[in-house]
Peer 1: 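One structure coming up, written as C-alpha cells, with questions to follow.
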Amino acid sequence: MSRIDKWLWAVRVYKTRSDAAAACKNNRVTLNGTVAKASKEVKKGDIITVKKMPVVYTLRVLEELNNRQPAKNVPNFMENITPEEELGKLYGISNDFFLKRDRGAGRPTKKERRDIDDMMDTFLYDDDEDR
C-alpha cells in the first residue's frame, strides 16, 4: 500500500509531496468520502476527491505506487472521473473575466485590479459557504 500524499505526488496531481501533504492537512483531499490525512493508505479502486480551486477533481486509483511517474504513464495508475460541469469551471473564469478587456487598453489600473480581485473572490469562495 502507498500513502495518499505519495500517490498524489506520484501521479502528478501536485508538484511536490509537501504540497500534497499540505492539501491533506487543509482538508482538501478526501478518500472514499472521508477527509484523508497524508498518511492514509491508498488501495486499488479507491475514489479520491481533490479540491484545487475552482475545480473539485475526482480520481479513481487503478494501481498503487510510491515513485513519481512520467506524465505519459499516469493513465495507467489513475482514472480521472471528474464530471464535465466541474471541468467547465476552468474555462468559465477566463472567458468571463479576462477576455472582455478591450484590446490595447493596457494593464489594469490599481483600482481595476482591486475590482477584478473582488469579483474573483466572490466567484471562487461563495460556493464554499454552501458546503
Peer 1: To check you understand the geometry: which heavy-atom pair defines the closest contact between Lys52 and Tyr14, and what is its length?
Peer 2: CG-OH, 3.9 Å
Peer 1: Does the pair Asp115/Lys111 count as a salt bridge with the N-to-O cut at 4.0 Å?
Peer 2: yes
Peer 1: Got Val56 and Val50 here, is their nearest side-chain heavy-atom distance under 4.5 Å?
Peer 2: no
Peer 1: Take Leu59 and Ile47 through the side-chain contact (heavy atoms from CB on, under 4.5 Å) test and state the conclusion after the steps.
Peer 2: CA-CA 6 Å; Leu59 312 169; Ile47 303 293; over 6 Å; no
Peer 1: Considering only heavy atoms from C-beta outward, does the side chain of Val29 approach that of Ile48 to under 4.5 Å?
Peer 2: yes
Peer 1: Give a yes or no answer on whether the side chain of Asn80 reaches the backbone of Thr82 with a donor-acceptor pair at less than 3.5 Å.
Peer 2: yes
Peer 1: Given side chains that start at C-beta, do those of Lys37 and Cys24 come closer than 4.5 Å, heavy atoms only?
Peer 2: no
Peer 1: Run the numbers on Trp7 and Leu65 for side-chain contact (heavy atoms from CB on, under 4.5 Å), then give the verdict.
Peer 2: CA-CA 6 Å; Trp7 190 86; Leu65 53 101; 4.1 Å; yes
Peer 1: Please report the C-alpha distance between Lys43 and Glu64 in whole Å, then the side-chain angles of each, then the deciding distance to 0.1 Å, and finally whether the side-chain contact (heavy atoms from CB on, under 4.5 Å) criterion is met.
Peer 2: CA-CA 6 Å; Lys43 58 185 182 299; Glu64 303 167 15; 3.6 Å; yes
Peer 1: At what distance, to the nearest 0.5 angstrom, does NZ of Lys51 lie from CZ of Arg28?
Peer 2: 9.0 Å
Peer 1: Are there over 12 heavy-atom neighbours, none belonging to Lys25, within less than 6.0 Å of that residue's NZ?
Peer 2: no
Peer 1: Between the side chains of Asp117 and Arg114, is the shortest nitrogen-to-carboxylate-oxygen separation below 4.0 Å, so that they form an ion pair?
Peer 2: no
Peer 1: With distance as the sole test, does Asn26 use its side chain to make a donor-acceptor pair with the main-chain N or O of Ala23 at under 3.5 Å?
Peer 2: no
Peer 1: Cation-pi between Lys44 and Phe77: NZ/CZ under 6.0 Å from ring centre and within 45° of the ring axis?
Peer 2: no
Peer 1: Any non-hydrogen side-chain atom of Trp9 less than 4.5 Å from a side-chain atom of Lys15?
Peer 2: no
Peer 1: Check whether any side-chain N or O of Glu86 sits under 3.5 Å from a backbone N or O of Val55 as a donor-acceptor pair, and report yes or no.
Peer 2: no
Peer 1: Is any side-chain heavy atom of Arg3 closer than 4.5 Å to a side-chain heavy atom of Glu41?
Peer 2: yes
Peer 1: Taking Thr30 for its side chain and Gly33 for its backbone only, find out whether a donor-acceptor pair lies under 3.5 Å.
Peer 2: no
Peer 1: State, yes or no, whether a side-chain contact exists between Arg68 and Arg12 at a heavy-atom distance under 4.5 Å.
Peer 2: yes
Peer 1: List the atom of Met78, the atom of Val13, and the distance in Å for their closest heavy-atom pair.
Peer 2: SD-CG2, 4.5 Å
Peer 1: If I compare all heavy atoms of Ala20 with all of Asp5, which pair ends up nearest, and what's the gap?
Peer 2: CB-O, 3.5 Å
Peer 1: Is there a side-chain contact (heavy atoms from CB on, under 4.5 Å) between Asn76 and Leu62? Walk through the geometry before answering.
Peer 2: CA-CA 7 Å; Asn76 299 333; Leu62 299 179; over 6 Å; no
Peer 1: Using a 4.5 Å cut-off on heavy atoms from C-beta on, say whether the side chain of Ile81 contacts that of Tyr57.
Peer 2: no
Peer 1: What pair of heavy atoms forms the shortest contact from Asn67 to Ala10, and how long is it?
Peer 2: O-CB, 3.3 Å
